[in-house]
Peer 1: 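Below are the structure tokens for one structure; questions will follow.
Residues take their numbers from the sequence shown, with the count starting at 1. The analysis underlying the following values was restricted to heavy atoms, covering all of them including side chains, and did not include hydrogens, waters or symmetry mates. Read the numbers this way: they start at 1 and go in the same order the structure lists the ligands and their atoms.
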Amino acid sequence: MTKKVIVIGATSGIGHSIARTYIKRGYKVGVAGRREERLEELRNEFPEAAVVSMQIDVTTEDFTEMLKQLVEKMGGADLVVYSSGYGVENMKLDEQTSVREINVNVSGFVKCVGFFFNYWCDNHLRGHFVVMSSVAGIRALGVTPGYSSTKHFQAFYLESLRQLAVMRGADICFTSIKPGFVDTDFIAGRNYPLTQPREKSVEHIIKAIDARRKNCVIYGKWKWIAILMKSIPAPLWRAIGKLTIVQSDRPRL
Ligand SMILES: NC(=O)c1ccc[n+]([C@@H]2O[C@H](COP(=O)([O-])OP(=O)(O)OC[C@H]3O[C@@H](n4cnc5c(N)ncnc54)[C@H](OP(=O)(O)O)[C@@H]3O)[C@@H](O)[C@H]2O)c1
């Protein structure tokens with residue numbers, strides 16, 4: 001039977017490349033995001049393929065209802081990738097920025113994974129849910145407090161759901177992908193170190209999904225950086241933050 005995949009946040013960047021990969025594999029792919037013209041471009045690029053699109057804003061009240069409609073249009077879903085995300089440097093703790101990060105990365109994500117957990121569990125189906133978390137969620141980052149915390153939340157929440165799946169007898173795999181910097185609109189105009197090419201990163205992401213990995217840092221040097229980040233004692237971690245600010249040539253926000 002044809003595999004059915006839904007990508008939330010498929011209009012650009014990592015989600016867009018993931019959706020294209022699955023379309024090329026011949027899967028039935030549901031694509032969602034706010035930019036309708038991007039969804040249309042994707043449908044037009046693969047006129048022969050089974051691409052179902054739906055304009056969705058993960059921060060709106062009707063998000064769960066939209067997911068329900070998308071699954072009905074798809075005729076089911078075996079794999080769901082939540083790639084929608086928002087985050088910027090926020091050293092002045094701008095309230096609107098923090099709230100937006102929480103709305104997209106936490107509230108939208110919780111609604112999405114909750115909907116699919118119940119859908120798979122209640123219908124006795126096998127499912128796989130993937131979230132695009134981040135290396136930024138491994139340790140608390142002073143330069144992006146909201147983003148870093150929401151990305152940590154995503155990975156931690158999936159850990160809880162792994163235990164809940166056991167308790168509810170559900171056959172669901174949860175994958176938390178943690179990329180370092182990836183060359184997408186997300187970091188456009190920033191001169192971040194070790195920025196990885198998008199297509200290469202997505203190759204690694206797809207491999208991790210295929211292998212049904214629980215947690216995967218993407219990739220190469222970022223794996224070592226992740227290990228280093230985890231091992232640094234808290235006082236030293238704080239001191240590094242101070243150095244970063246002093247040496248940074250980025251405008252202070
Ligand atoms: N690029 C990096 O360096 C990097 C590193 C680590 C983790 N990540 C994570 O990777 C994920 C994808 O980011 P990207 O790098 O591919 O950046 P991107 O090209 O900016 O993609 C972000 C995606 O999120 C969607 N989105 C944002 N707000 C939304 C909303 N309210 N409702 C629905 N969709 C929304 C956007 O679609 P619309 O605007 O059309 O709605 C877009 O498809 C994010 O979760 C990000 O945190 C990125």
Peer 1: I need the nearest protein heavy-atom contact for atom 35 (C) of ligand 1: residue, atom name and distance, please.
Peer 2: Ser84 OG, 3.4 Å
Peer 1: Nearest to atom 5 (C) of ligand 1, what protein heavy atom do you find, and at what distance?
Peer 2: Gly180 O, 2.9 Å
Peer 1: Can you find a side-chain donor-acceptor pair between Thr175 and His128 that sits under 3.5 Å?
Peer 2: yes
Peer 1: Do the side-chain N and O atoms of Asn105 and Thr150 include a donor-acceptor pair separated by under 3.5 angstrom?
Peer 2: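 A donor-acceptor contact under 3.5 Å links the two side chains.
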Peer 1: Just distances here: any N/O of Ile14 and N/O of ligand 1 closer than 3.5 Å?
Peer 2: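 Among all N and O atoms of Ile14, at least one is under 3.5 Å from an N or O of ligand 1.
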Peer 1: Between Ser84 and Arg34, does any side-chain donor sit less than 3.5 Å from a side-chain acceptor?
Peer 2: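 There is no such pair (donor and acceptor under 3.5 Å, judged by atom type) between the side chains of Ser84 and Arg34.
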Peer 1: Tell me the protein heavy atom at minimum distance from atom 13 (O) of ligand 1, and give that distance in Å.
Peer 2: Phe186 CD1, 3.9 Å
Peer 1: Kindly indicate, with the supporting measurements, whether the criterion side-chain hydrogen bond (donor to acceptor under 3.5 Å, both in side chains) is fulfilled by Ser98 and Asn90.
Peer 2: CA-CA 8 Å; Ser98 307; Asn90 189 15; 3.2 Å; yes
Peer 1: Side chain, backbone, both or neither: which part of Ile187 comes within less than 4.0 Å of ligand 1 when only heavy atoms are counted?
Peer 2: side chain
Peer 1: Measure from atom 40 (O) of ligand 1 to every heavy atom in Ile8, Thr11, Val7 and give the option owning the shortest one.
Peer 2: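 Looking at heavy atoms only, the winner is Thr11.
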Peer 1: Quick check on Ser83 - does any of its heavy atoms sit under 4.0 Å from an atom of ligand 1?
Peer 2: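 True for this residue.
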Peer 1: Just jot down the ligand 1 atoms closer than 4.0 angstrom to any heavy atom of Met132, in number order.
Peer 2: 10 (O), 11 (C), 45 (O)
Peer 1: Going by the atom numbers of ligand 1, which of them fall below 4.0 Å from some non-hydrogen atom of Arg35?
Peer 2: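 With Arg35 as reference, the close atoms of ligand 1 come out as 36 (C), 37 (O), 38 (P), 39 (O), 40 (O), 42 (C).
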Peer 1: Judging by distance only, is a nitrogen or oxygen of Phe181 under 3.5 angstrom from one on ligand 1?
Peer 2: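 No, there is no polar N/O contact under 3.5 Å.
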Peer 1: Identify, for atom 18 (P) of ligand 1, the protein heavy atom at the shortest distance, and state residue, atom and that distance.
Peer 2: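 For atom 18 (P) of ligand 1, the nearest protein heavy atom is Ser12 OG, 3.5 Å.
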Peer 1: Please verify whether a non-hydrogen atom of Ser133 lies at under 4.0 Å from ligand 1.
Peer 2: yes
Peer 1: So if I count the atoms of ligand 1 from 1 in the order they appear, which ones are less than 4.0 Å from some heavy atom of Gly13?
Peer 2: 16 (O), 19 (O)
Peer 1: Are side-chain heavy atoms of Met132 and Pro179 found at a separation under 4.5 Å?
Peer 2: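 The answer is yes, as the side chains (C-beta and beyond) meet within the 4.5 Å cut-off.
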Peer 1: Taking the side chain as C-beta and beyond, is there a heavy-atom pair between Ser107 and Phe109 under 4.5 Å?
Peer 2: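 Side chain of Ser107 against side chain of Phe109, heavy atoms only: no contact under 4.5 Å found.
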Peer 1: Out of all atoms in ligand 1, which are within 4.0 Å of some heavy atom of Ile56? Include the element for each.
Peer 2: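 So the atoms of ligand 1 that pass are 32 (N), 33 (C).
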Peer 1: Starting from atom 32 (N) of ligand 1, which protein heavy atom do you reach first, and at what distance in Å?
Peer 2: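 Of every protein heavy atom, Val58 N, 2.9 Å lies nearest to atom 32 (N) of ligand 1.
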Peer 1: Begin from the C-alpha positions of Arg43 and Ser53 and carry the test side-chain hydrogen bond (donor to acceptor under 3.5 Å, both in side chains) through to its verdict.
Peer 2: CA-CA 8 Å; Arg43 281 197 314 267; Ser53 71; 2.3 Å; yes
Peer 1: Is Val58 reachable from Phe129 through a run of I, L, V, M, F, W or Y residues, each pair having side-chain heavy atoms under 4.5 Å apart?
Peer 2: yes
Peer 1: Which atoms from ligand 1 have a heavy atom of Tyr147 less than 4.0 Å away?
Peer 2: 6 (C), 7 (C), 8 (N), 9 (C), 46 (C), 47 (O)
Peer 1: Determine whether the side chains of Ser17 and Glu199 contain a donor N or O and an acceptor N or O closer than 3.5 Å.
Peer 2: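 Indeed, the side chains of Ser17 and Glu199 share at least one donor-acceptor pair under 3.5 Å.
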Peer 1: Taking everything shown except Phe156 itself, do over 12 heavy atoms lie less than 6.0 Å from its CZ?
Peer 2: no
Peer 1: For ligand 1, find out whether one of its N or O atoms is nearer than 3.5 Å to an N or O atom of Ser134.
Peer 2: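 Ser134 vs ligand 1: no N/O contact under 3.5 Å.
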Peer 1: Going by the side-chain contact (heavy atoms from CB on, under 4.5 Å) test, name the single residue among Val131, Leu158, Asn118 that passes it with Val113.
Peer 2: Leu158
Peer 1: From the options Thr184, Thr59, Asp185, select the one whose nearest heavy atom is closest to atom 14 (P) of ligand 1.
Peer 2: Thr184
Peer 1: Please report the C-alpha distance between Arg35 and Ser12 in whole Å, then the side-chain angles of each, then the deciding distance to 0.1 Å, and finally whether the side-chain hydrogen bond (donor to acceptor under 3.5 Å, both in side chains) criterion is met.
Peer 2: CA-CA 9 Å; Arg35 285 168 289 177; Ser12 64; 2.9 Å; yes
Peer 1: Is Lys151 touching ligand 1 with its side chain, its backbone, both, or neither, if touching means heavy atoms under 4.0 Å apart?
Peer 2: side chain
Peer 1: Using distance alone, decide if ligand 1 has a nitrogen or oxygen within less than 3.5 Å of any nitrogen or oxygen in Gly85.
Peer 2: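 Yes, at least one N or O pair falls under 3.5 Å.
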Peer 1: So is there a nitrogen or oxygen of Val182 less than 3.5 Å from a nitrogen or oxygen in ligand 1?
Peer 2: yes
Peer 1: Check the side chains of Asn215 and Lys178 for a donor-acceptor pair under 3.5 angstrom, ignoring hydrogens and angles.
Peer 2: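 There is such a pair between these side chains.
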Peer 1: Who's the nearest protein heavy-atom neighbour of atom 31 (N) of ligand 1, and how far?
Peer 2: Asp57 OD1, 2.9 Å
Peer 1: In terms of residue, atom name and distance, what is the protein heavy atom nearest to atom 29 (C) of ligand 1?
Peer 2: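 Going by distance alone, atom 29 (C) of ligand 1 is nearest to Arg34 NE, 3.6 Å.
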Peer 1: Test salt bridge (Lys or Arg N to Asp or Glu O under 4.0 Å) on Arg168 and Asp122 and set out the steps.
Peer 2: CA-CA 10 Å; Arg168 287 180 58 182; Asp122 296 347; 3.4 Å; yes
Peer 1: Short N/O distance, under 3.5 Å, between Gly9 and ligand 1?
Peer 2: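 So ligand 1 has an N or O lying under 3.5 Å from an N or O of Gly9.
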